[in-house]
Protein chains: 4
Amino acid sequence: MWLRTSYDLTFDITVPTPFILMLRPRSGAQQWIAREEYALVPSVPAFEFTDSYGNLCQRLVAPPGTFEVHTAADVLTADYIDQAPGAPFVEIQNLPDAVLSYLLPSRYCESELFGQMATEITSDQQPGYDQVVAIEAWLHRSIRYEPGTSDMPVSAVEVNARQSGVCRDLSHLGIALCRSLSIPARMVVGYLYGLEPMDMHAWFEAYVADRWYTFDATQAVHTGGYVAVGYGRDAADVAVYNQFGPPVYPSAQSVHVQLIEEKGT
Amino acid sequence: MWLRTSYDLTFDITVPTPFILMLRPRSGAQQWIAREEYALVPSVPAFEFTDSYGNLCQRLVAPPGTFEVHTAADVLTADYIDQAPGAPFVEIQNLPDAVLSYLLPSRYCESELFGQMATEITSDQQPGYDQVVAIEAWLHRSIRYEPGTSDMPVSAVEVNARQSGVCRDLSHLGIALCRSLSIPARMVVGYLYGLEPMDMHAWFEAYVADRWYTFDATQAVHTGGYVAVGYGRDAADVAVYNQFGPPVYPSAQSVHVQLIEEKGT
Amino acid sequence: MWLRTSYDLTFDITVPTPFILMLRPRSGAQQWIAREEYALVPSVPAFEFTDSYGNLCQRLVAPPGTFEVHTAADVLTADYIDQAPGAPFVEIQNLPDAVLSYLLPSRYCESELFGQMATEITSDQQPGYDQVVAIEAWLHRSIRYEPGTSDMPVSAVEVNARQSGVCRDLSHLGIALCRSLSIPARMVVGYLYGLEPMDMHAWFEAYVADRWYTFDATQAVHTGGYVAVGYGRDAADVAVYNQFGPPVYPSAQSVHVQLIEEKGT
Amino acid sequence: MWLRTSYDLTFDITVPTPFILMLRPRSGAQQWIAREEYALVPSVPAFEFTDSYGNLCQRLVAPPGTFEVHTAADVLTADYIDQAPGAPFVEIQNLPDAVLSYLLPSRYCESELFGQMATEITSDQQPGYDQVVAIEAWLHRSIRYEPGTSDMPVSAVEVNARQSGVCRDLSHLGIALCRSLSIPARMVVGYLYGLEPMDMHAWFEAYVADRWYTFDATQAVHTGGYVAVGYGRDAADVAVYNQFGPPVYPSAQSVHVQLIEEKGT
């Protein structure tokens, strides 16, 4: 399906503030970026680099005053995410080197603490894809999904204690559970067509049968309509913006995802 | 200045043909990509990756029939390229690791053969930026610039023998001369506003005083208006498309660069 | 000074167990590896790769039975670590891209929670090196250093609550405090000559004045004698071994560091 | 088999001379480095980095006077190189991203010029491993192997014209022929047990059936005993030393490879 996404952010800046933005989606296995817009108002010098996860990041210093960031994209993305019931677990020794770091605990995914729990949740499953489906189903059933944005990310341990969370929180717990079974898992931030209420979204991917598969515990029915913007070990790696110095919060932000006929050339 | 660039390619494909395209410019030190379009007709699955030079590359298999690639961008780029007379040579031991490979000979830049010649061309100069200016001036004076596209890249040795060449050829010789003086040099392909006749362009960058500077031996007067699309050691690394299997040539291609008021949001 | 280090590990393996070892020190800014030994008994196939932090890692599957790992090195390392009182803070916008990830919170360094505390600890200091010295001194004064090895790493928040910890724990708190001031900080594991009791050691580095400096809150007097084996954001990245499947613990391990006349060729 | 390798180099330096050495073998798919020695006399500061091909490189400035480099290793390497008759060609679209650059022409491998010739040499073969065997056999039959060291590398075109060459030259032609068939190929420098006369050696690898295989056109009979030190696109990437400034040549060098009982712990 063809989607038009937009994300607009406004900040009221008081002192020159360094930012690192992660707002430029890349074409990838299941999405093609056919049109993209990215405006900084005022237009300040910005430098782009690729981080160690392959994300395009933009560095800049926002000047005092109103600072706006406007991004938009026309994206061809899959109508249905790929599914692979029965797809096997990949033995550690057969994983690609680049995937190994997604087995380790990270800031918000204390995977070393979830081995027992993950084993119980997946007790009836064959190792691999089906285990992750069981984790996703358990999350959907057990952790109340609260749409909206929390102020700060919380970790898998806290999410499990609270029994509720935003999309990011459910992903953290899902990732921690996967990794505790030696299944590489990573976080994705981006857009989801039809999300209610509309906002930036987060989900997770797990590596089985030699590729990454998409999982999202917030949705009862899985279709497609996902547009990935950033990948990382958890929310610490994939903030759509990191800001340094005295804290600054958006005075306004809006997210839109609409179905379009075809890319807007 | 704000520029709108476009590059359109048409191929008549007879057998399924793997392509690697390098047609997505990135924001960087001196340019900001405010809008970008990239269409494949027909729309085939494409996978994007970052090569070891930091270029965004797209992999796909073009199906038999007419295959079109359309790209366009709105770019804010410098009105004048940075210049730095007197900027010093960087001692090898002080170069960043990532820059060292740009000292070595490469496919079209046989730098190990140009030491004597480079020394003569730059005999009156202080080591560093001024040497590269002397090389650029010598190229402009000595190698006849023939706009247009040659069929195949030729190497620095051949360009020097022919005493003429396209933009790519002059760059190869410039790069070889720089490297023979232990100045890191790399090739850039992209767009130049006002190029006559309009076409994809190539120039080179040299690393002095801890950063890359732009040089272009094809132009008598240096202003700005450069939009970089790809970086590499020479033309072997920065083909805007690489194609595998039986040779396929574009049946049509066009390049446009126009001045715009502001990005087209 | 010339040091001879050795680290020997024995495991009793019951089922084939995948390991990732990080036990090969690299020559670097302040150390030269003149001789190195690395034996696996029994000798199993092992594959080496470089992780995203530049560490050399070895992958293998340990077979059932006794599995031994023996490593040793002769290293020339600095008699005194570099110090730089007054060395300035590097503005975020001037940091190299590769250093930026060391500003973010990580598994055991919840830096986003320590801003207030770090500001108080460093209130009298100029931004940069002197802030890190103040953090190091505060750690040495306030957190009781308990030599030896804890079973599992604990995070900066927990270390701060307990007011005591092993070398790794003090490093985590030091790193979290630095990052909360926007000073990049990373963890180092390795050897320290004269450590009492001898064991693998951990310390941290902070990035000021365009380079990394060594800090170690466990030692009252700083001389040199450090041999780095691995670098990372925190202990999650620099385990000397990661093991997958049912937990396996060393049945024996020993660490030795002795002064030698000269490398043993 | 267990091998002990050594490589000793002496230079008479007149002015401070920057060097980049590539003399530290890494453990890999078919070799394990059990002991390694690396001495610089006099002992000067050296910095180690990993280049974009994964090689460990050492940077230093040699001071005026006699400068010696001594390296040695005990290595467990395969008795027989892996062979895979019939192993299939990998379609371009299925190659890993990291392998793609080994399809492109490089300094000494003008692969774009050898399509016709490679097709003729391999006309009776199935695409893949068997094509490379045919290329290797053709090289062995058609290009006279001249042991020893030439002063400068020559390119595939020149080797083909001369009909003779050193190990490096045969590799360049083999690589160019493979790439012209869209088979990724790369150069390896290292040691070969039993080489007559003993010297540093060079061979090539081709990527078929999802992994790299070893080929060596200089040897009539293929056993094992290979120890790889560096990998690259061709000799320009894998010089065991690169030296900058006025040319300096070794006043002495020696290479030894002997069979040992077991690593010398």
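Throughout, protein chains are lettered first and strands after them, A, B, ... in sequence-line order, and every chain is numbered starting at 1.
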message = Measuring centre to centre across the rings, with the benzene-like ring taken for any Trp, is B:Phe11 within less than 6.0 Å of B:Tyr241?
response = yes
task = Return the set of residues passing ring pair (Phe, Tyr, Trp, His ring centres under 6.0 Å) with B:Tyr213 (not counting sequence neighbours), or none when no residue passes.
result = B:Tyr129
query = Tell me, side chain or backbone of B:Gln30 under 4.5 Å from chain A's heavy atoms, or both, or neither?
reply = neither
task = If a pair satisfies side-chain hydrogen bond (donor to acceptor under 3.5 Å, both in side chains) and one of its residues is in residues 185-195 of chain A, list it, with sequence neighbours excluded.
result = A:Arg186-A:Glu205
task = Heavy-atom distances under 4.5 Å only: say whether B:Ile33 touches chain A with side chain, backbone, both or neither.
result = both
ask   = At a heavy-atom separation under 4.5 Å, does B:Arg24 approach chain A through its side chain, its backbone, both, or neither?
value = side chain
request  = Answer yes when B:Asp234 and B:Arg107 have at least one side-chain N-carboxylate O distance shorter than 4.0 Å, and no when they do not.
outcome  = no
message = Counting only non-hydrogen atoms closer than 4.5 Å, does B:Ser43 touch chain A with its backbone (N, CA, C, O), its side chain (CB onward), both, or neither?
response = side chain
